[in-house]
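Okay, structure first, notes after.
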Number of protein chains: 2
Amino acid sequence: MLVRINRTNRRLVDGHLAALGAERVFCSEFNYRGGAEIFGEGEGAEFVYQIISGVVRTHKLLPDGRRQIKAFHLAGDMFGLENGTTHRFTAEAIVGTEVRIAGRRSLLEVTTHRGTEAANLIALINQNLQHAESHMLLLGRKTALERVAAFLLEMDERLAHPDVMILPMTRRDIADYLGLTIETISRALSTLRGEQILRFIGQTQREVVLLDRGRLATFDAQ
Amino acid sequence: MLVRINRTNRRLVDGHLAALGAERVFCSEFNYRGGAEIFGEGEGAEFVYQIISGVVRTHKLLPDGRRQIKAFHLAGDMFGLENGTTHRFTAEAIVGTEVRIAGRRSLLEVTTHRGTEAANLIALINQNLQHAESHMLLLGRKTALERVAAFLLEMDERLAHPDVMILPMTRRDIADYLGLTIETISRALSTLRGEQILRFIGQTQREVVLLDRGRLATFDAQ
DNA sequence: CGCGGAGTTGATGATCTTCAAACATGGTGG
DNA sequence: CCACCATGTTTGAAGATCATCAACTCCGCG
């Protein structure tokens with residue numbers, strides 16, 4: 001998986017990318033060999049890409065090597081557009097691939113200085129996208145215990161780390177969120193309780209105290 | 001899960017929704033009881049919602065009742081914003097919930113008549129979101145055979161139903177896309193071949209002929 | 001009090017993974 | 001030219017994880 005970039009030419013092109021960023025977006029073209037990395041997770045998101053020909057895969061990795069591919073991108077598809085300044089995925093060419101590249105900043109700024117409404121809207125949809133993407137990794141590659149740990153950490157985070165976390169949803173809701181069954185949820189919670197990572201308040205089993213958030217995080221992958 | 005909507009009042013409010021659609025978006029407020037359906041999958045997407053207080057879940061259902069919850073929405077969260085005219089999810093209040101509502105058309109048209117670039121950008125991100133959402137259902141609730149059938153149908157669709165479908169990715173790529181192992185992919189393909197639904201051309205096992213797309217679709221759920 | 005909904009726990013079972021072996025292909029170098 | 005090796009794929013056997021089935025508790029409520 002060596003990175004081998006063959007720059008071919010730089011010229012203004014039209015197409016979907018141009019339609020997005022309008023005429024002032026400068027587009028150039030690149031070629032990647034099969035197996036080449038186009039950008040890596042965590043790298044700065046300088047460019048947005050559109051495939052002229054070839055196939056690209058975008059994926060996330062867990063530290064132990066488990067991989068979740070988010071999508072395969074074919075000719076005409078765009079990828080690499082992020083809300084923030086870093087890529088949330090790694091993109092690799094599967095076969096020899098030609099891409100068209102536009103600067104991200106010019107593209108997003110087009111909308112920004114046209115008014116904050118559009119920018120806010122894009123940020124909002126992008127948040128949803130980001131959440132869906134990380135949930136795909138959870139559903140595709142995490143174990144039951146990892147999923148439950150991730151769920152508890154997500155809720156704790158979103159509820160601003162309360163002393164007592166009151167879960168508004170049933171075990172069935174949690175199960176259907178995490179792609180498991182209610183019994184598996186219950187067993188995972190019992191395991192975490194046995195590990196002294198959490199305890200329940202009252203009889204309802206919906207009020208949770210996280211006793212050790214750090215150790216809980218080690219139960220989640222990454 | 002009866003639908004019990006208690007309309008409380010209608011008045012102009014400020015907040016994130018207003019920030020999105022600017023001042024001219026008319027916002028009203030509604031109350032839902034726990035268990036109430038706010039909108040259903042497939043219904044027209046007339047409104048966008050922001051939670052004032054309470055909790056909402058959004059989910060997709062398979063015909064046999066398997067459910068995948070996409071997200072839990074808490075106070076401050078927005079949901080129900082779709083690219084097309086219909087909702088891709090069902091939204092239900094988990095507990096008593098107050099929401100702020102804005103008309104979708106006014107909100108999206110704000111960006112549209114400000115320039116097509118922003119609208120194109122939003123459409124693009126929304127496509128990614130839509131794909132991620134349906135993939136979450138696949139990863140959370142579909143069996144191995146259903147996933148492979150769905151994958152073949154997706155590729156067939158995106159390659160415009162070719163006579164011979166040339167898969168550019170390895171079995172490992174397919175496995176990591178579908179949240180399975182290469183052996184399971186291989187076994188599922190062999191099963192489908194045994195069912196006379198597909199056959200391989202040549203020795204490479206990457207060139208597939210779909211012999212019965214209709215029957216293949218029955219192997220996928222929904 | 002009885003009933004239903006929600007949750008836990010145990011026993012069993014199915015699906016999918018892991019481990020292993022075999023085979024084909026394609027490239028490399030003697 | 002062919003041995004050789006890495007990569008990719010299929011298939012079988014064994015094993016682990018999670019699902020299913022079932023029993024039980026707890027609670028709220030008419």
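Just so it is clear, the model here is predicted, and its values are computed rather than measured. So you know, we letter chains A, B, ... as the sequences are listed, proteins then strands, and number each from 1.
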Taking atom C1' of dC18(D) as reference, at what distance in whole Å does atom CD1 of Ile174(A) sit? 17 Å
For Ile94(A) and dG8(D), give me the distance from atom CD1 to atom C1', rounded to whole Å. 15 Å
Thr191(B) side-chain N/O to Arg187(B) backbone N/O, donor-acceptor pair under 3.5 Å: yes
Rounded distance (Å) that lies between atom P of dT9(D) and atom CE of Met169(B): 11 Å
Take atom CG of Leu180(B) and atom P of dT18(C), then tell me their distance rounded to the nearest Å. 11 Å
Is any side-chain N or O of Gln205(B) closer than 4.0 Å to OP1 or OP2 of dG8(D)? no
Is Ser190(A) near enough to dT9(C) that one of its side-chain N or O atoms lies under 4.0 angstrom from OP1 or OP2? yes
Does a donor on one side chain sit under 3.5 Å from an acceptor on the other, for His87(B) and Glu43(B)? no
Euclidean distance, atom CZ of residue Arg67(B) to atom P of dA19(D) [Å, nearest integer]: 15 Å
Side-chain N or O of Thr170(B) less than 4.0 angstrom from OP1 or OP2 on dG8(D)? no
For dG7(C), take OP1 and OP2 only and decide whether either is under 4.0 Å from a side-chain N or O of Arg206(A). yes
What's the CZ-P distance between Arg171(A) and dC26(D), to the nearest Å? 16 Å
Report the distance from atom CZ of Arg147(B) to atom P of dC16(C), rounded to the nearest whole Å. 8 Å
Nucleotide N/O of nucleotides 21-24 of chain D paired with protein N/O under 3.5 Å:
unit_1, atom_1, unit_2, atom_2, d
dC21(D), N4, Glu183(A), OE2, 3.1

Would you indicate, yes or no, if dC16(C) has its OP1 or OP2 atom less than 4.0 angstrom from a side-chain nitrogen or oxygen of Arg141(A)? no
Looking at Thr204(B), does any N or O in its side chain come under 4.0 Å of the phosphate oxygens OP1/OP2 on dT25(C)? no
Salt bridge flag under 4.0 Å for residues Arg57(B) and Asp176(A): no
Would you say the ring centroid of Tyr177(A) lies under 6.0 angstrom from that of His135(A)? yes
With distance as the sole criterion, is a donor-acceptor pair present between the side chains of His131(B) and Glu154(B) under 3.5 Å? yes
Have a look at Gly202(A) and say if it touches a base, only the backbone sugar-phosphate, or nothing, with a 4.0 Å heavy-atom cut-off. nothing
Once you round it to whole Å, what is the distance between P of dT17(C) and CD1 of Ile182(B)? 11 Å
is_close_aromatic(Phe39(B), Tyr49(B)), centroid dist under 6.0 Å: yes
Show me the dot-bracket string of DNA chain C, counting Watson-Crick or G-U pairs under 3.5 Å, with | for pairs to another strand and [ ] for crossing ones. ||||||||||||||||||||||||||||||
So that I can tick it off, tell me whether Glu195(A) and Arg215(A) are bridged by a salt bridge, with the cut-off set at under 4.0 angstrom between side-chain N and carboxylate O. yes
When rounded to the nearest 0.5 Å, the distance separating CE of Met155(A) from CE of Met165(A) is 8.5 Å
Establish, with yes or no, whether the OP1 or OP2 oxygen of dT17(C) is under 4.0 angstrom from a side-chain nitrogen or oxygen of Thr184(B). yes
Assess the residue pair Glu29(A) and Val99(A) against the criterion (side-chain contact (heavy atoms from CB on, under 4.5 Å)); give the C-alpha distance rounded to whole Å, side-chain angles, the decisive distance to 0.1 Å, and a yes or no. CA-CA 6 Å; Glu29(A) 295 179 6; Val99(A) 298; over 6 Å; no
Salt bridge (charged side-chain N to carboxylate O under 4.0 Å, His left out) partners of Asp156(B), counting only residues at least two apart: Arg213(B)
